[in-house]
**Q** 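Just passing along the structure, written as structure tokens.
For the single chain, residues carry numbers from 1 onward in sequence order.
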Amino acid sequence: MRPSKRLPEAAAAAAGGIQRSRGAAVVKLAALLLLSVLSPLLFLAARGIRTSVLADWEGIRHISSKPIVDWREQLAMQHMKSIFTEEVIDIISATRHDLGPWSLDSARKNHISSSWKVGGQDEASQNLTISDPIQAASDVAQKASHSKLEIATAVGDLLAIDKAIKNDSDGHLLDNPVILTRRRLREKRRERRAVELVQQNDEALVKLENAAIQRSKGVNSAVLGKYSIWRKDNENENSDSTVRLMRDQMIMARVYLVIAKSKDKTDLYQELQNRLKESQSALGEANADSELHQSAPKRIKEMGQVLSKAREQLYDCKAVTQKLRAMLQSADTQVRSLKKQSTFLSQLAAKTIPNGIHCLSMRLSIAYYLLPPEKRKFPRSENLEDPNLYHYALFSDNVLAASVVVNSTITNAKEPEKHVFHLVTDKLNFGAMNMWFLLNPPGKATIHVENVDEFKWLNSSYCPVLRQLESAAMKEYYFKAGHHTTLSAGSSNLKYRNPKYLSMLNHLRFYLPQVYPKLNKILFLDDDIVVQKDLTALWFIDLRGNVNGAVETCGQSFHRFDKYLNFSNPHIAKNFDPNACGWAYGMNMFDLNEWKKKDITGIYHKWQSLNENRALWKLGTLPPGLLTFYKLTHPLDKSWHVLGLGYNPSIDRSEIENAAVIHYNGNLKPWLEIGMTKYRNYWTRYIKYDHPYVKICNLSR
């Protein structure tokens, strides 16, 4: 039984072995057939690739002038050429010659020149930075082939090429046309960049200069009359650009003159000097382009050329800065000196009376005293004491100024027949003042002229200021022959030596109830004002128990009590607030009934007696007025009274034209030659220039 069972098992095993042998044979046969078919194809493909690589590498060989190692290097360079332009390949080659072989660490640290960014490419190409050429070759080979062995071989071959390049002779590298081309490109880029930087610098300077000019226009350089009154810039706020250009050129010419002389540039020095003289001649006294000589454009061009030449030869930032600083210091010293001189001369001019006004006063006085007594009287004298009319008090020794006040008030009054003018002058001008208004009556209004010297009650026993004016100390203060005559010599209080402070006309404002005992209210006007609107509404303002209605003048720290009074004196410090707001004389509404109740004249006498040695305030009437009417002044709206036309050249035009009264307080009175022309027209429009006496005395606009 056992033999019969084993035979089938053996037969089955033999059949399985035969089957496995047949399967192996089939696999081998299939592999052989596949190899025989693919081998020719691979051979043809490799040959085609080699032919293409050789053709492409021939062009690269012409650029790099290096031998080809094998087909793998050709393959790497082929792919490099496909992603880089010839310019980039040139740059890679030249830079490697200049800087030696690249390293991956240097690329990682971004030590890449900005010149490696290729212009004219898309955004991705512009942001591309070249790392180590070995790494680049490896990346290209990785994309071209899946064989790690081929990549490693290509990298090794490129390292061999790099080493061969590095070991080449320096003379051969210097003669390489690629390196020379690269250097020429680099020099061109440097020159182009330098030109761009110079242009940007010039544009930035122009912008800074224009911005400085715009800021300077917004600067108020004439704060409270501190600016020089002799400068014509006060009359021309916007100087023309050509004039400014010529002045700037002349400044720079003076700077280069000094530098040229110090560096022995004789020819350039002489040329600068000649151009400077020509520019000065063309500029002259011009303050606007319209005033320039016709040769100005030519002089500007010539000066610009020589300045450009001087800048090329002489420009030294340190030297130019030092010279400009020295010129600035010198100009500052001159400005300080001229300011002192200007202040002195303006104070001196303010004391004078123009020849035309003096002529007018003399001729009118002669004509008045030639009149018979019956023709020297004014009509409507019954209105002088009528409390129901609008009364004005005007104290002046200037005939022309008083005529402007009266004429402007009547011209703008709605009911001129209800207005009464009380004029008080001194003995010298009494006849002239009467004669003018007899010849030029104020329409339906009433006018009356009085002589202050005829007020017998106003004497030194009653009036402290008269007693002080007659004292030996005051006479020495005013008339001592040895006192200084210039500000530079120490006469700092020159403005307080004005003759008006010696006249009782200036102090008569503290005696209004005594001068006009039957009136209830009176409007006090200075003779340097112009009325532009009807003023009758002022008589209906409720002063709320105060005596004085006036416009306040304080703004921030200006015109407060400490500006006028000596608060180191205990009498002042104990009774007054240094920050109390000041107010202005010139247009003041006085309630004479309240004046009498509060004994305002007695208060004035008290403080005037305490100031006999001028320890409380300097001379003048505003400081004692501030003390006398302290806490007794009602503030009026600022549009009633605009001040500053006699010292401030920057008052807004709309503010002036909307004001009821404009005031030429300060030294620059409109009847003086030093008066500001921009404000003079508001005053001259009320003068009768066609009057015979005005014509004879050569009074003109």
Side-chain angles (χ1 to χ4, degrees), residues 373-396 402-425 430 433-452 454-458 505 508-527 529 531-550 585-601 634 636 640-641 660-661 686:
E374 62 272 11
K375 292 185 179 181
R376 299 179 184 178
K377 296 180 180 180
F378 292 100
R380 295 182 290 276
S381 59
E382 66 278 3
N383 294 335
L384 296 176
E385 297 181 349
D386 186 350
N388 297 319
L389 300 178
Y390 308 122
H391 294 265
Y392 299 85
L394 176 60
F395 307 148
S396 175
S403 70
V404 170
V405 175
V406 174
N407 191 21
S408 63
T409 305
I410 296 302
T411 301
N412 294 284
K414 295 179 180 179
E415 299 176 302
E417 67 278 3
K418 294 184 178 181
H419 294 260
V420 181
F421 293 90
H422 301 267
L423 272 69
V424 180
T425 186
F430 177 73
M433 198 74 73
N434 275 279
M435 191 63 192
W436 176 265
F437 289 106
L438 287 171
L439 294 174
N440 304 278
K444 298 179 180 180
T446 303
I447 193 167
H448 180 62
V449 180
E450 296 181 88
N451 181 3
V452 68
E454 295 180 356
F455 296 160
K456 302 303 181 182
W457 51 269
L458 197 61
L505 287 176
L508 194 60
R509 65 192 69 189
F510 294 104
Y511 300 96
L512 291 177
Q514 287 82 358
V515 181
Y516 312 110
K518 295 184 179 181
L519 300 181
N520 298 326
K521 279 188 174 183
I522 194 167
L523 183 64
F524 172 79
L525 298 176
D526 271 342
D527 62 356
I529 64 100
V531 178
Q532 300 186 128
K533 293 183 180 180
D534 182 47
L535 302 179
T536 55
L538 288 169
W539 275 264
F540 300 96
I541 293 178
D542 184 7
L543 298 182
R544 300 179 182 178
N546 292 302
V547 180
N548 177 24
Y585 271 124
M587 189 208 73
N588 305 80
M589 176 58 69
F590 290 111
D591 187 332
L592 300 183
N593 292 328
E594 291 293 332
W595 185 307
K596 297 172 186 176
K597 291 179 182 178
K598 294 179 172 58
D599 191 20
I600 296 301
T601 303
H634 176 74
L636 301 177
W640 280 110
H641 186 191
V661 172
Y686 294 105

**Q** Is a side-chain N or O of Asn407 found less than 3.5 angstrom from the main chain of Tyr686, in a donor-acceptor match?
**A** yes
**Q** Between Trp640 and Ile541, is there a side-chain heavy-atom distance shorter than 4.5 Å?
**A** yes
**Q** Return the set of residues passing ring pair (Phe, Tyr, Trp, His ring centres under 6.0 Å) with Phe430 (not counting sequence neighbours), or none when no residue passes.
**A** none
**Q** Report the residues that fulfil salt bridge (Lys or Arg N to Asp or Glu O under 4.0 Å) with Lys444, sequence neighbours left out, ordered by chain and then residue number.
**A** none
**Q** If you define the side chain from C-beta out and look only at heavy atoms, does anything of His419 sit under 4.5 Å from Thr536?
**A**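 His419 reaches Thr536 side chain to side chain.
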**Q** Which distance, rounded to the nearest 0.5 Å, do you find between the CG of Leu519 and the CG of Asp591?
**A** 11.5 Å
**Q** Search all heavy atoms of Arg376 against all heavy atoms of Leu438 and return the closest pair with its distance.
**A**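 Heavy-atom minimum between the residues: CA-CD1, 4.0 Å.
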**Q** When you measure from the side chain of Asn588 to the backbone N and O of Gly586, does any donor-acceptor pair fall under 3.5 Å?
**A**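 Yes, because the side chain of Asn588 sits within donor-acceptor range (under 3.5 Å) of the backbone of Gly586.
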**Q** For Ala393, give me all partners under side-chain contact (heavy atoms from CB on, under 4.5 Å), at least two apart in sequence or on another chain.
**A** Phe395, Leu512, Tyr516, Ile522, Phe524
**Q** With rounding to the nearest 0.5 angstrom, report the CG to NZ distance, Asn593 to Lys598.
**A**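 Output value for this atom pair is 10.5 Å.
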**Q** List the residues meeting side-chain contact (heavy atoms from CB on, under 4.5 Å) with Asn383, not counting sequence neighbours, and say none if there are none.
**A** Arg380, Leu389, Val420, Thr446
**Q** Would you call the rings of Trp539 and Tyr392 parallel, tilted or perpendicular, taking 30° and 60° as the class edges?
**A**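 Because their plane-to-plane angle is over 60°, the rings of Trp539 and Tyr392 count as perpendicular.
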**Q** So which atom in Asp534 and which in Ala413 form the shortest heavy-atom distance, rounded to 0.1 Å?
**A** OD1-CA, 3.4 Å
**Q** Which atom names give the shortest non-hydrogen contact between Leu384 and His391, and what distance separates them?
**A**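 Taking Leu384 first and His391 second, the nearest heavy atoms are O-CE1, 3.4 Å.
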**Q** Kindly determine whether Arg509 and Asp526 satisfy salt bridge (charged side-chain N to carboxylate O under 4.0 Å, His left out), including the steps that lead there.
**A** CA-CA 10 Å; Arg509 65 192 69 189; Asp526 271 342; 3.7 Å; yes
**Q** Output the distance between atom CG (Leu535) and atom CG (Leu525), rounded to the nearest 0.5 Å.
**A** 7.0 Å
**Q** Measure the CD-CD1 distance between Glu415 and Ile410 for me, rounded to the nearest 0.5 Å.
**A**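 Going from CD on Glu415 over to CD1 on Ile410, the span is 12.0 Å.
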**Q** Give me the atom names and distance for the closest heavy-atom approach of Asn412 to Gln532.
**A** OD1-O, 3.1 Å
**Q** Nearest 0.5 Å please: distance from the CZ atom of Phe437 over to the CG atom of Leu423.
**A** 5.5 Å
**Q** Measuring only between side-chain heavy atoms, which start at C-beta, is Leu458 closer than 4.5 Å to Val515?
**A**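 No - every pair of side-chain heavy atoms lies 4.5 Å or more apart.
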**Q** Do the side chain of Thr425 and the main chain of Asn451 share a donor and acceptor less than 3.5 angstrom apart?
**A**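 It does not hold such a pair.
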**Q** Under 3.5 Å, is there a donor-acceptor pair between the side chain of Asn440 and the main chain of Trp436?
**A** yes
**Q** Is a donor on one side and an acceptor on the other found under 3.5 Å between the side chain of Lys521 and the backbone of Phe540?
**A** no
**Q** Under 3.5 Å, is there a donor-acceptor pair between the side chain of Asn546 and the main chain of Asn548?
**A** no
**Q** How long is the straight-line distance from CG of Leu592 back to CD of Gln514, given to the nearest 0.5 Å?
**A** 9.5 Å
**Q** With sequence neighbours left out, what residues match Lys518 under salt bridge (Lys or Arg N to Asp or Glu O under 4.0 Å)?
**A** Glu385
**Q** I need the minimum non-hydrogen distance between Met587 and Leu636, along with the two atoms involved.
**A**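 Shortest heavy-atom separation between Met587 and Leu636 comes out as CE-CD1, 3.9 Å.
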**Q** Decide yes or no for Phe510 and Ile600: does some side-chain heavy atom of the first lie under 4.5 Å from some side-chain heavy atom of the second?
**A** no
**Q** Please name the pair of heavy atoms, one in Val405 and one in Ile529, separated by the smallest distance, quoted to 0.1 Å.
**A** CG2-O, 3.6 Å
**Q** Could I get the full list of ring pair (Phe, Tyr, Trp, His ring centres under 6.0 Å) partners for Phe455, not counting sequence neighbours?
**A**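 With sequence neighbours excluded, Phe455 shows a ring pair (Phe, Tyr, Trp, His ring centres under 6.0 Å) to Trp457, given in chain and number order.
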